[in-house]
Protein chains: 2
Amino acid sequence: MQLRRGDVLDGAMAILDEYGLGDLTMRKLASSLGVQPGALYWHFPNKQTLLGAMADRILDGADEPSTSESWDDAIAELAHRFRGALLAHRDGAELVASTYASRLTTSRARDAFVATAERAGLSRAYAELTGYALLHYVLGHTVDEQSRAQLAELGALTHAPLSPDVATAQPAGADADLLDGDPAVRFEFGLRLLIDGVRARLASRATS
Amino acid sequence: MQLRRGDVLDGAMAILDEYGLGDLTMRKLASSLGVQPGALYWHFPNKQTLLGAMADRILDGADEPSTSESWDDAIAELAHRFRGALLAHRDGAELVASTYASRLTTSRARDAFVATAERAGLSRAYAELTGYALLHYVLGHTVDEQSRAQLAELGALTHAPLSPDVATAQPAGADADLLDGDPAVRFEFGLRLLIDGVRARLASRATS
DNA sequence: ACCTGAACACCGTTCAAGT
DNA sequence: ACCTGAACACCGTTCAAGT
């Protein structure tokens, strides 16, 4: 049975979910597929392209048109779907963020934001900028949220059973405030900030 | 003359500015300092820590209290200073963004945002969330802006003299719109969105 | 068309031993 | 205290040669 492009992608996603982005190497992927490293290069020209395809798969479906008819709900729904898609895979946010920078993933999520902002009544140009701001916020927040969660998970496993006296020392320390409150609440707050900003923009347009 | 921690940091910054983050390896750094790779590990426990120190240096001074007395100008000034600091070094935004995720840089820039948001009249908790939203936006925008600029620079050098017939084909294509307009204008737009969002929050607090 | 074998040119990090 | 020499355990990528 021959290896197909989709099998390589599936294998890569499996390693990502189980071991994380740091352990996703072409050599590990090859051996998990029972193949020599060089074989992968028949299906993907290089690792970057493979990562781009993975990012596309992670975001698949997140850009479908919203069912809400009010523009603010539509933006919120999109943002939540986007965040959900990133959180559904280990290191998903980091992977997508880094492939966005190298422009090797499609920009359908951004396009969906732009389209919704345009539907709200913004000009094409403003909608585009709004789409970028939303994208950057969602990506930035989720990368942060996910790495924080993974650090906490690691910390819980590391120093909880190891030394009881240190267990409650640092983590609950300086910046505990609401940073380890519900991340969904934190996400919602910044999202509302941006949506309110759009509303203000629409209002000032209407009066001018 | 012995190598000091500061010399290692200086050498690393020099390589960053001249060759970029991808070419900043411990081995290249060592040879540029006329020393064996192992020597670096007397001054820094590992590469991550060195990158964290570089991020701190890049952000140095960007968090000084604003001179503006209105809270919105203060936020804007801070955001612009932050962006400027990131753009002042090759791959500066990417470096800071990735060290932020691994929590190996100080969070003075974020703290400055939080303090200003608190001065605006938000509760500590809301100010904290606002600080994060601002930080994520600035970081996300600037990473994008910088990588875009570097791609364009590379593209101009690459396919302008190489093949005249392809020169104007793809780059000026689909998403030209205002994405290659003044990046400072693009930055300003999203920033205003967030500031207007904060204003709306303050207003709804006042009336409730 | 698809893969193996084997190499090329690298990495970050460690650590005995030197001065 | 600070560094060398030399190794360990890896990387991504290429490419002739096989089937």
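All chains are named by letter (A, B, ...) in the order of the sequence lines, taking the proteins before the strands, and each is independently numbered beginning at 1.
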Inset, instruction - Please list all pairs passing the ring pair (Phe, Tyr, Trp, His ring centres under 6.0 Å) test where one or both residues lie in residues 79-109 of chain A, with sequence neighbours left out. - result: A/His80-A/Phe187
Legend entry - Basic-acidic side-chain contact under 4.0 Å: A/Arg199, B/Asp196: no
Inset, instruction - Please confirm whether the backbone N or O of B/Tyr126 pairs with a side-chain atom of B/Ser123, one donor and one acceptor, at under 3.5 Å? - result: yes
Inset, instruction - Tell me, yes or no, whether the heavy-atom count around B/Gln48 atom CD, taken from other residues, nucleotides or ligands under 6.0 Å, exceeds 12. - result: no
Inset, instruction - Enter the distance from A/Leu24:CG to A/Asp91:CG here, rounded to the nearest 0.5 Å. - result: 9.5 Å
Legend entry - Pairwise P distance for D/dA9 and C/dA9, with rounding to whole Å: 23 Å
Legend entry - NZ/NE/NH1/NH2 to OD/OE distance under 4.0 Å, B/Arg186 and B/Asp182: no
Legend entry - Contiguous pairing runs of three or more, Watson-Crick or G-U under 3.5 Å, that involve DNA chain C: C:4-8 with D:12-16, C:12-16 with D:4-8
Legend entry - Residue-phosphate contact under 4.0 Å: A/His43 side-chain N/O, C/dA1 OP1/OP2: no
Inset, instruction - Evaluate side-chain contact (heavy atoms from CB on, under 4.5 Å) for A/Leu78 paired with A/Glu64, printing each intermediate quantity in order. - result: CA-CA 8 Å; A/Leu78 220 56; A/Glu64 267 160 36; over 6 Å; no
Legend entry - Distance, rounded to the nearest Å, where B/Arg4 contributes CZ and D/dC3 contributes P: 11 Å
Inset, instruction - For A/Phe44, look at atom CZ and say whether over 12 heavy atoms of other residues, nucleotides or ligands are found less than 6.0 Å away. - result: yes
Inset, instruction - Let me know the distance between CZ of B/Arg5 and C1' of D/dC3, rounded to the nearest Å. - result: 18 Å
Inset, instruction - Scan nucleotides 6-19 of chain C nucleotide by nucleotide, 5' to 3', and note B when protein non-hydrogen atoms come under 4.0 Å of the base, S if they reach only the sugar-phosphate, - if neither. - result: -B---BBBB-----
